[in-house]
Amino acid sequence: MSLIFDEYGRPYIILQEQERKTRIKGLDAIRSNITAARTLARTLTTSLGPKGMDKMLQSQDGDVTVTNDGATILKEMDVENQVAKLMVELAQSQDDEIGDGTTGVVVLAGALLEQALILLDRGIHPTKISEGFDKACEVCLDKLEQISQKIEFNENSYDDLVKAAMTTMSSKVVNRYSQQLAEICIKAIFSVADFERKDINLDLIKVEGKVGGTLEDSVLVNGIVLDKDVSHPQMPKAVDNAKICILTCPFEPPKPKTKHKLDIDSVEKYRDLQKAEQEYFRDMVQRVKDSGANVVLCQWGFDDEANHLLYQNGLLAVRWVGGVEIELVAMATHGRIIPRFSEISEKKLGRAGKVREVSLGTTHDHVIFIEDCANSKAVTIFLRGGSKMAVDEAKRSVHDALCQVRNLIRDQRIVYGGGSSEIACSLAVSEFADKVSGVEQYAIRCFADALDAIPSALADNSGLSSLETLGALKAAQTKQNNSRLGVDCLGLGTLDMKEQNVYETLLSKKQQIQLATQLVKMILKIDDVIGPTDALT
Amino acid sequence: MQVPRYQGPAPHVLKRDTSEEKGEEARMSSFIGALALCDLVKTTLGPKGMDKILQSASGDIIVTNDGATILKSVSIDNAAAKILVDISKTQDDEIGDGTTSVCCLAGELLREAEKLLDAKIHPQLVVSGYRIAANAAQKALQEAAMDHGANFEQLKQDLFYIAKTTLSSKLLAQSRDHFAKMAVEAVLRLKGSTNLDHIQFIKKTGGNLSDSYLDEGFILEKTLGVGQPKRVENAKILIANTPMDTDKIKVYGARVRVDSYNKVAEIEEAEQKKMLEKCQKILNHGINCFVNRQLIYNRPEQFFTDHGIMAIEHADFDGVERLALVTGGEVVSTFDHPELVKLGHCGLIEESMIGEDRVIRFSNCAAKEACTIVLRGANKQILDEAERSLHDALCVLSQTVNHSKVVYGGGSAEMLMAKAVDEVAKTIPGKQSLAVEGFARALRAIPTIVADNAGFDATELISEMRAAHQKGEKEAGIDIQNGILGNMAKLHVLESFKLKSYMVSSATEAAEMIIRVDDIIKAAPRRREE
């Protein structure tokens, strides 16, 4: 760290422990930051597109994750650098907002930063670069709106939705089964969607994964799947026309929150206590029974005595059901969550067509299916797979596909994928650049070059020559005035992404460009980094 | 345009000690890891495969031939190898056997993939070729599968042959007829349930492996209370899960506070009385045998003795559940409604001896959905391995009862699939076809390993087999006893269809997952708190 000395040669100490801090200033700071951010972007570039590769991540505890999902890779990478952390957050916010396109946004941001570096070296001021990028971003958004198309679907014909969902999954390891998974996702969305308000509550779709079987065994369950087993081995394993009592109070004598003591000083009291105790249990189970319930789900445990009483009364009971699941079940079955035994009544019971316990594999592993619920608006996607890593990746892919479909129901406009929309934008931006006077022109032109990074990464990953492909595509798009031409990643012999059925949502594309531009602007504004010595070297 | 490089110190992006391997390096590290693991278990494959000795940190020794057990016990740092361990474990949970084969097949697929990648074929092309091949293999397997589920006698025969095939690669190979028969009988008793907890193993050192037997009744490894009847006929059994020392007071905050020692005595008396009342209630069920999951203290025990009831304490949870299944009773925790409780019944309960240990045998039971297998053998390691082997066989059988399709073993299923895959390869234009051919080679590698392990001329045998399959002899496989080509239908070598199909699908899945990786990021292991 550079020091300033007074006339006697003593240094001015401004920062605490100044001598132990490093500081990079000015262009060097920006360069250092850009280098860090690009390191991450480079890692993700190879994951882009249907021929993109996966990353294998080993956590501190030795757990292995294999994934193609940008947000997950960045999260698990456990980065330390502050600017790199911004990139992680960028992917995260794309994931939260849109759910898909997380790799794309990071790659785009990386490309923009790379271009910014060139501009900086030409001596263009960072704020000028930001302004230019901003203008270019506007142009992109307009262009995207222009080339977007509306797709039509309804509950009976949703071919286009399937195609869009399949596009999302095409880059994941699940793509051999993507048709079926896409249909599962769409059916799931349709059953929870509120078409009038264009609102979809994804919380109502539970994605449950269980290791074992193959991906082809995955199903859409019209109800809830609980990863639990029935509390008493001899209870009925299946109940039709279930009336479900959903309890959040434990089967135990009252337990006041305030500290209390109960003193017993005579034999009579001792006996009374014993009697009262038994009475509690009998009473609790009786109340449940009297309400007409035949299934009991309890958030807490219950001891052997209560368990046996429940069994004796012919009830199917499940204990230790998680809070989220309890709520889901309540929602699905139109039941009410009952916090006290005294409040049990028939009206509050949830209803489901069938409750059954299913055993899987050879290891005594059980799940409970609650099906045909009163409220059909809660579904579960039950995924299977040959290994834990495969199931986890399938879960992530399904999440992405669900988000994709949800976005399409909110906004039915799509753009075509395969880099075609980026190329169209890039053409529009470079055309616009020529009309701008001033230094921004260079920034805008560089923005266009950055947009080319996506199609060229797609081409690279597919084993095509990126320069040749890009050149040919740009020429073709201009000549044919067809913005649907993109990179033929799968070697299907056509460049038209409409024929290849590669759909992306307009929402996601717009968000990608906006977020990436914003982040780049932010990074460009930082001109001073102060940190502990070892963080920078 | 040349991008200018930042000249200052390179910024730290990843956490300290985190390592990243990219591209070829990453691929190499995952392939080497997976192949090393595959080579480790490879020698145990097949009837003439060898065993491994595993010594744990505490010095315990396991001698085993079971892939899943071996893989579970080796601690691994390589991420790709962990994937193989995981699929092998899933295979174990799902089917119970074929854990070595699945690992070997995945390994061989990777070995083939490595060659293809060296020839500069894009990993994704390899993956898509493998997928096409896997589909073709599954289809061929499906077509070759035979289903005898409708005919019970034939199914039983099939089960017997499957058990024999499974056991032939294990320690129990010498007396495999004996054990296969036992396994089939035990599984058929489960009546379609796949819960193998209901089959109990009792391992007693001494005697010979062939002295092992399936008890027609049920054996509980417990001793009877002092002075209690050693033999009860027409037993009516109450199976309970209840504390028989003192009942804990379940009302919160309750505590006993007395002001004189007389009162202490009174409370103590009341406590005892409460217990006796409970005993009386139990007695009211009209039973002559009482089995509790928890301890039975002296006083209640004496009470039961006085009333001529056999009381058995501390049967573990599985024991209680099994007993409930065998005798048709239910597990009870409250005793106020004797009329509602279903008691267990059995013809005879007596104390008997296995080796030098006393056990309680329940014979002539009402329901027979659980059973006991008594294993005898020279030492603990043999017994453990015998249990594992038999458990594998039981798993496969219990799955086969529900999915009754079978295919021929002895490598013939693999050859059949390889042939179908090869035929598909010829119809595919483009580079994928190379991957498809690679898949066929990987499938053929499995019987090759089996033959190699047996010390036969594998190359010769496999090419003979291949020719035979080409001629349409679908039953051609390795006659492992004689080292020649044999007819698997005549030799009765059967394997479960589900096992084979699952093996192909999960090995492909795992291989695909590893091939697709081009970047490995490894966090530094968490430091142990000092």
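By convention in this document, chain letters (A, B, ...) are assigned in the order of the sequence lines, proteins followed by strands, and residues within each chain are numbered from 1.
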Note to self: Between B:Thr18, B:Ile514, B:Asp77, B:Ile515, who has the most heavy-atom pairs with chain A when the cutoff is under 4.5 Å?
What the structure shows: B:Asp77
Item checked: Under 4.5 Å from any heavy atom of chain A - which part of B:Lys273 -> side chain
Item checked: B:Cys395 side, atom SG; B:Asp92 side, atom CG - distance, nearest 0.5 Å -> 6.5 Å
Notebook entry, point to check: At a heavy-atom separation under 4.5 Å, does B:Ala26 approach chain A through its side chain, its backbone, both, or neither?
Noted result: neither
Notebook entry, point to check: Using non-hydrogen atoms only, which part of B:Glu21 is less than 4.5 Å away from chain A: side chain, backbone, both, or neither?
Noted result: neither
Margin query: Among A:Asp78, A:Asn307, A:Thr46, which residue has the highest count of heavy-atom pairs closer than 4.5 Å to chain B?
Written below: A:Asp78
Notebook entry, point to check: With under 30° as parallel and over 60° as perpendicular, where do the rings of A:Tyr311 and A:His232 fit, or are they tilted in between?
Noted result: parallel
Next item on the list: Nearest 0.5 Å please: distance from the NZ atom of B:Lys274 over to the CD atom of B:Glu271.
Entry: 7.0 Å
Check: Of the listed residues (A:Ile34, A:Val64, A:Asp63), which shares the most heavy-atom pairs with chain B below a 4.5 Å separation?
Finding: A:Val64
Checklist line | Those residues that, when tested against B:Ala240, pass side-chain contact (heavy atoms from CB on, under 4.5 Å) (two or more places apart) | finding: B:Thr242, B:Phe290, B:Asn292, B:Phe335
Next item on the list: May I ask you to name which of A:Ser47, A:Gly463, A:Ala276, A:Gly52 has the most heavy-atom pairs under 4.5 Å with chain B?
Entry: A:Gly52
Next item on the list: Please determine, among A:Glu76, A:Gln234, A:Met77, the option with the most heavy-atom pairs under 4.5 Å with chain B.
Entry: A:Gln234
Checklist line | Heavy-atom pair count under 4.5 Å with chain B, highest-scoring of A:Ala84, A:Gly212, A:Gly385, A:Ala306 | finding: A:Gly212
Margin query: Using a 4.5 angstrom heavy-atom cutoff, name the option from B:Ala79, B:Ser30, B:Ala270, B:Gly430 with the most pairs to chain A.
Written below: B:Ala79
Margin query: For B:Thr508, give me all partners under side-chain hydrogen bond (donor to acceptor under 3.5 Å, both in side chains), at least two apart in sequence or on another chain.
Written below: none
